[in-house]
Amino acid sequence: MIVAANFKMNKTRKETIEYLKELKKIDFEDVVVRVYPPCSALIEDEIVGAQNAYPANNGAYTGEIGLEQLKEFKIDKILLGHSERRNILGESQEFIAKKFNFYKEQNFEIILCIGEKLEVRKKGIKAVVEVLKSQLEGIDLGYEKLIIAYEPVWAIGSGISASVEEIRQTHLEIRKMTNQPILYGGSVKLSNIKEILNIQNVDGVLVGSASLDVEVFKKMIEIAKEIK
Ligand code: PGA
């Protein structure tokens with residue numbers, strides 16, 4: 001099981017250090033834990049990854065960080081394609097694929113996020129699969145360090161996760177495309193994580209808001225430990 005925390009634009013460097021210290025008080029056993037803090041809080045730690053980076057070593061890319069900055073903290077994990085970057089920051093599929101290929105070349109572990117908007121979900125699974133496929137264009141689905149995160153846009157931060165049946169059906173469709181781990185993300189909470197982790201083809205979760213409280217995130221890891 002993989003349990004990953006996406007802090008988004010939350011927490012300072014000091015808070016992240018304290019969080020990690022507290023988190024490490026528990027034994028993860030065979031649960032793979034990941035924490036994605038903002039880039040100003042990157043820390044050399046085997047569980048820490050970057051939420052984003054530009055596909056270049058360094059250069060004239062104002063406001064961005066690249067491989068050189070990640071290497072300073074020995075970061076070799078990255079989150080790509082999050083819906084907030086696709087929709088708010090306007091990242092195209094072409095650009096996401098460029099980032100994927102650059103960081104794949106560097107042997108990074110890559111969580112690639114995909115997910116449909118509500119109007120697509122309303123049309124049914126066929127339309128959903130079509131969108132997901134378009135979000136996987138240019139991505140090597142056989143890359144051994146690839147992790148897919150299925151995150152329906154309408155479930156992110158809304159407090160309402162996708163239903164068990166929606167997750168089961170969608171993960172089954174993604175499974176037909178890749179053998180790599182598939183996470184679910186979108187309003188994962190203490191109250192629904194067990195149910196979600198027990199769904200077939202769910203290999204873990206990507207947690208936003210609920211991960212910000214380290215005590216909650218610790219409990220989530222404890223729940224994941226019990227699922228074999
Ligand atoms: P959420 O965010 O848990 O706050 O819904 C999940 C995500 O965007 O990764």
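Just follow the structure's listing: the first ligand is 1, and inside any ligand the first atom is 1. In this chain, residues are counted from 1 in sequence order.
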**Asked** So which bit of Ile156 gets within less than 4.0 Å of ligand 1, heavy atoms only: side chain, backbone, both or neither?
**Response** both
**Request:** Only heavy atoms count here, so choose which of Ala210, Gly157, Ser161, Ala4 is nearest to atom 5 (O) of ligand 1.
**Result:** Gly157
**Prompt:** Nearest non-hydrogen atom to atom 4 (O) of ligand 1 belongs to which of Ser83, Gly208, Ser209, Ala149?
**Reply:** Ser209
**Message:** I'd like to know whether the aromatic ring centres of Phe95 and Tyr54 sit less than 6.0 Å apart in this structure.
**Reply:** yes
**Prompt:** Which protein non-hydrogen atom lies closest to atom 2 (O) of ligand 1, naming both residue and atom, and how far is it?
**Reply:** Lys8 NZ, 3.2 Å
**Prompt:** Under 6.0 Å from the CD atom of Gln200, do we count more than 12 heavy atoms belonging to anything else shown?
**Reply:** no
**Nearest neighbour in protein (non-hydrogen) for atom 7 (C) of ligand 1** = Glu151 OE2, 3.1 Å
**Item:** Min heavy-atom dist Gly185 to ligand 1 below 4.0 Å
**Value:** no
**Message:** A side-chain contact here means heavy atoms from C-beta on lying under 4.5 Å apart; do Leu212 and Phe7 qualify?
**Reply:** yes
**Prompt:** What atoms of ligand 1 come within less than 4.0 Å of a heavy atom belonging to Asn6?
**Reply:** 9 (O)
**Asked** So do Ile114 and Ile148 actually touch side chain to side chain, heavy atoms under 4.5 Å?
**Response** yes
**Prompt:** Between Glu22 (side chain) and Glu215 (backbone), is there a donor-acceptor pair under 3.5 Å?
**Reply:** no
